[in-house]
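First the structure, which I've put down as structure tokens, then a few questions once you've had a look.
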Amino acid sequence: MTPIEKIRNVAIIAHVDHGKTTLVDAMLKQSGLFRKNEEIQERILDSLDLERERGITIMAKNVSIRYGDYKINIVDTPGHADFGGEVERVLKMVDGVMLLVDAAEGCLPQTRFVLRKSLEQNLPAIVLVNKIDRQDARPQEVVNEIYDLFIDLGATDEQIEFPILYSISRDGIAKKSLNDDSRNLKPLFDQIVETIPAPKPLRKDTLQILITNIDYNPFLGRLAIGRIFSGEVAKNQEVAICKRNGEIEKSRIKEIYIFEGLERTSVERIGTGEIVALAGFDDIQIGETITSVENPKPMPPIAVDEPTISMIFGVNTSPFAGVEGKFITSRQLKERLFKEALGNVALRVEETASPDQFKVSGRGELQLAILIETMRREDYEFQVSRPEVITKRDENGNLLEPIELVVIDVPEEFIGVVTEALGRRKGQMKKIINNGSGRVRLEYEVPSRGLIGFRSEFLTETKGTGLLNTIFLRYDKWQGEMKARGTGALVADRMGEATAYALYNLQERGTLFIRPQTKVYEGMIIGENARAVDLNVNAVKEKKLTNIRSSTAEEAIRLVPIKELSLEQALEFIADDELVEITPKSIRLRKKVLKANERIKSTRD
């Protein structure tokens, strides 16, 4: 068992894509965890398929490394604001943080968010200015930005005396000053040992383990992962679980695991300061406390920011329901959603008046899109509504809506189109910074509902050169009505198989989403109408064959390339009276009311 004074628990926090997971790779390699001839994949901790595909961290994960006599437990956290719940959860497990900031991009919204959370917990910070080998790196200016950020967030005199290191996480190099000739991460390891304090027991009279994560083992069932704040725990020991509602349940610990490198190692007994995985609990949840039976003392539950966006998940009711999916009933959908809510503290799942529809609330479109994509890959079939913002009322009865801070980085020539687009969405410019490099940073405050569907429009307007980052700021007064999508939909008016002849005649009307030979049904959206009205069209029409030869018969039909919508684009595109049908093989857009004559009646009502 490692002595408590030789343990260091540290989380790596940063904005998305500033190099957290890559730095953990380098730390693991240099700690001697792998053999010299062992083949190692990049971003070892990004183990989920979706994480590797998108190049982002979605779930926080922890590993440990040995540095001399010291054991350093490292927790890698997500950088996206949508997964902020993971960061809040993880900061309860550690005694200090490493804040990574890109040497070119500087402090971005998520840098502010994760730093604010760690300062609230009074955690000491080590600042790493990463990617100093970039051509556009400006490390000295970025260090000044970091100092400004600490002051802006109300850091104490002790917190603002943070050590600064410069690093290239891809090459595994860290240095105390830009001129040092360091070739490895030794300066960083030394700084962690020096700056991050050893864990201290909260109290002497009882055991306290705060559960911050839930995992599953096929042989042992649920694993409760958390940190021991006080006392010691042994295998087969009887313990009490302090539930969130105040109840206390007794249970027995079947197995204790500690983290060694990337593996979990079984131990008989373990003490204060360690991060452990415990087996033997059937229904334990995140935020609950494992404590001693004789003197049960619960810890304060994990406080997580409230969700700001919600969607309705429902059973698929289209004519193609059950063709491609394996799990299609409301019971299966309900079980899967509530199971997700157990392990994801930032997600809320509620039942609605309809037994086959569930309201799922989260931090943003990306978080909900990741959940949809994960379920889709597990062979679930369902339909989802357009994302909606969650509104509140203040004590005077005024309607409040969530406002987000939007930080945009674009070339100078696109300032006009971005300003116009955000003006339509009730955005207010707060700051404009021109570093003289040809790119400009704009800071806006925009209602969350104004950002639904904005990302794809933004990338089109800036020709793919713009960077967009958002983070929840506060609830403020309702900003008034906002113009919806400026175009209508091309809606199929009958079931069948789309033909090239029909699509050729329809492509003048707008942009198509489907190819020839695609099966369609009445009420399915097959394209975007150039005008702001919905148009019922026949996509299965075939060319009439006659025995009279026409002069145009030999002309080949040339179709314009279709616009293939990704899941996020589909969620952004749909209007209030439309749904996205999700199956393991397809993403289809459809009207809530499929029959054209019933749609006309419902609009009249």
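Being a predicted model, the structure only gives us computed values, none of them experimental. When a residue number appears, it is its place in the shown sequence, counting from 1. Just so it is clear, the values below take in all heavy atoms, side chains as well, and ignore hydrogens, waters and symmetry mates.
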Minimal non-hydrogen separation, F458 against V418, with atom names |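 Nearest heavy atoms, F458 then V418: CE1-CG2, 3.9 Å.
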
Is a salt bridge present between D576 and R386, judged by a nitrogen-to-oxygen distance below 4.0 Å?
->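 Yes, this pair counts.
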
So F382 and F313, would you call those rings parallel, tilted or perpendicular, with 30° and 60° as cut-offs?
->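 Rings of F382 and F313: parallel, as their planes differ by under 30°.
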
Salt bridge between R336 and E378, side-chain N to carboxylate O under 4.0 Å?
->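 Judged by the 4.0 Å cut-off on N to carboxylate O distance, R336 and E378 do form a salt bridge.
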
Check ion pair E481-K426 (N to O, under 4.0 angstrom) =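 No, E481 and K426 are not salt-bridged.
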
Would L589 and F573 count as a side chain to side chain contact (heavy atoms under 4.5 Å, CB included) if you check the C-alpha gap in whole Å, the side-chain angles of each, and the deciding distance to 0.1 Å?
-> CA-CA 9 Å; L589 277 64; F573 176 80; 3.3 Å; yes

Closest non-hydrogen atom pair between L149 and C107, with its separation =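 So the two residues come closest at CD2-SG, 3.9 Å.
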
Working for side-chain hydrogen bond (donor to acceptor under 3.5 Å, both in side chains), residues Q383 and R590 | CA-CA 10 Å; Q383 61 193 26; R590 52 160 286 188; 3.0 Å; yes

Is the closest side-chain heavy-atom distance between N184 and I173 below 4.5 Å?
->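 Sidechains of I173 and N184: no contact.
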
Apply the test side-chain hydrogen bond (donor to acceptor under 3.5 Å, both in side chains) to residues E381 and T583: give CA-CA distance (whole Å), side-chain angles for both, the deciding distance (0.1 Å), then the verdict.
-> CA-CA 5 Å; E381 185 177 305; T583 75; 5.3 Å; no

Is the shortest heavy-atom distance from the side chain of R170 to the side chain of D133 under 4.5 Å?
->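 The answer is yes; the side chains approach within 4.5 Å.
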
Rounded distance [0.5 Å steps], CG in L512 versus CD in Q507 |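 So the CG of L512 and the CD of Q507 are separated by 6.5 Å.
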
Hey, would you say the Y147 and F162 ring centroids sit under 6.0 Å apart?
->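 Centroid distance Y147-F162: below 6.0 Å, so yes.
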
Distance, nearest 0.5 Å, that separates OG of S310 from CZ of R348 =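 The CZ atom of R348 is 12.5 Å from OG of S310, to the nearest 0.5 Å.
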
Minimum-distance pair of heavy atoms, taken over all atoms of R425 and V446 |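 Distance-wise, the nearest heavy atoms are O-CG1, 3.6 Å.
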
Evaluate side chain to side chain contact (heavy atoms under 4.5 Å, CB included) for V10 paired with V94, printing each intermediate quantity in order.
-> CA-CA 5 Å; V10 61; V94 297; 5.6 Å; no

What is the distance from atom CD1 of I309 to atom CD1 of I452, rounded to the nearest 0.5 Å?
->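 Rounded to the nearest 0.5 Å, the CD1-CD1 separation comes out at 4.5 Å.
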
Inspect the surroundings of CZ in R474 and state if more than 12 heavy atoms from other residues, nucleotides or ligands are less than 6.0 Å away.
->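 Counting other residues, nucleotides and ligands, CZ of R474 exceeds 12 neighbours.
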
Verdict with reasoning, R138 to E145, per salt bridge (charged side-chain N to carboxylate O under 4.0 Å, His left out) = CA-CA 11 Å; R138 46 187 187 94; E145 283 181 24; 2.8 Å; yes

Give a yes-or-no answer on whether the side chains of N130 and S169 include a donor-acceptor pair shorter than 3.5 Å.
->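 Judged by distance alone, the side chains do pair up.
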
side-chain contact (heavy atoms from CB on, under 4.5 Å) involving Q191 - partner list, sequence neighbours excluded |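 By the side-chain contact (heavy atoms from CB on, under 4.5 Å) rule, Q191 matches I126, P163, L165, K176, E194, T195.
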
Would V129 and I146 satisfy side chain to side chain contact (heavy atoms under 4.5 Å, CB included), going step by step from the backbone distance to the final call?
-> CA-CA 10 Å; V129 179; I146 296 167; 4.2 Å; yes

Excluding sequence neighbours, so at least two apart, what forms salt bridge (charged side-chain N to carboxylate O under 4.0 Å, His left out) with K186?
->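 Scan of K186 (salt bridge (charged side-chain N to carboxylate O under 4.0 Å, His left out), adjacent residues dropped) gives D190.
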
Atom CZ of R439: over 12 foreign heavy atoms under 6.0 Å |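 Correct, the count exceeds 12.
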
Atom OH of Y444 and atom CG of L442: how far apart are they, to the nearest 0.5 Å?
->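 If we round to the nearest 0.5 Å, Y444:OH and L442:CG are 5.5 Å apart.
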
Tell me, with the steps shown, if D102 and R134 meet salt bridge (charged side-chain N to carboxylate O under 4.0 Å, His left out).
-> CA-CA 9 Å; D102 190 300; R134 280 182 61 161; 3.1 Å; yes

Apply salt bridge (charged side-chain N to carboxylate O under 4.0 Å, His left out) to E578 and K591, showing your working.
-> CA-CA 4 Å; E578 295 163 359; K591 289 288 184 183; 2.8 Å; yes

SB check E324 R588 (cutoff 4.0 Å) |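 A salt bridge links E324 with R588.
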
Smallest separation among heavy atoms of F513 and I525, with atom names |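 Looks like CE1-CG2, 4.2 Å.
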
Give the intermediate values and the outcome of salt bridge (charged side-chain N to carboxylate O under 4.0 Å, His left out) for residues D171 and R183.
-> CA-CA 9 Å; D171 300 341; R183 294 267 167 243; over 6 Å; no

Nearest-0.5 Å distance, OG1 of residue T511 to CD1 of residue I562 =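 Here the rounded value is 11.0 Å.
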
Under 6.0 Å from the NZ atom of K519, do we count more than 12 heavy atoms belonging to anything else shown?
->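 Atom NZ in K519 is not crowded, with 12 or fewer foreign heavy atoms closer than 6.0 Å.
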
Mind checking the CD1-CD1 spacing from I582 to I372? Nearest 0.5 Å is all I need.
->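 One gets 5.5 Å once the value is rounded to the nearest 0.5 Å.
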
Which is it for T391 and E401 under the side-chain hydrogen bond (donor to acceptor under 3.5 Å, both in side chains) test, yes or no, and what are the steps along the way?
-> CA-CA 5 Å; T391 55; E401 67 172 328; over 6 Å; no

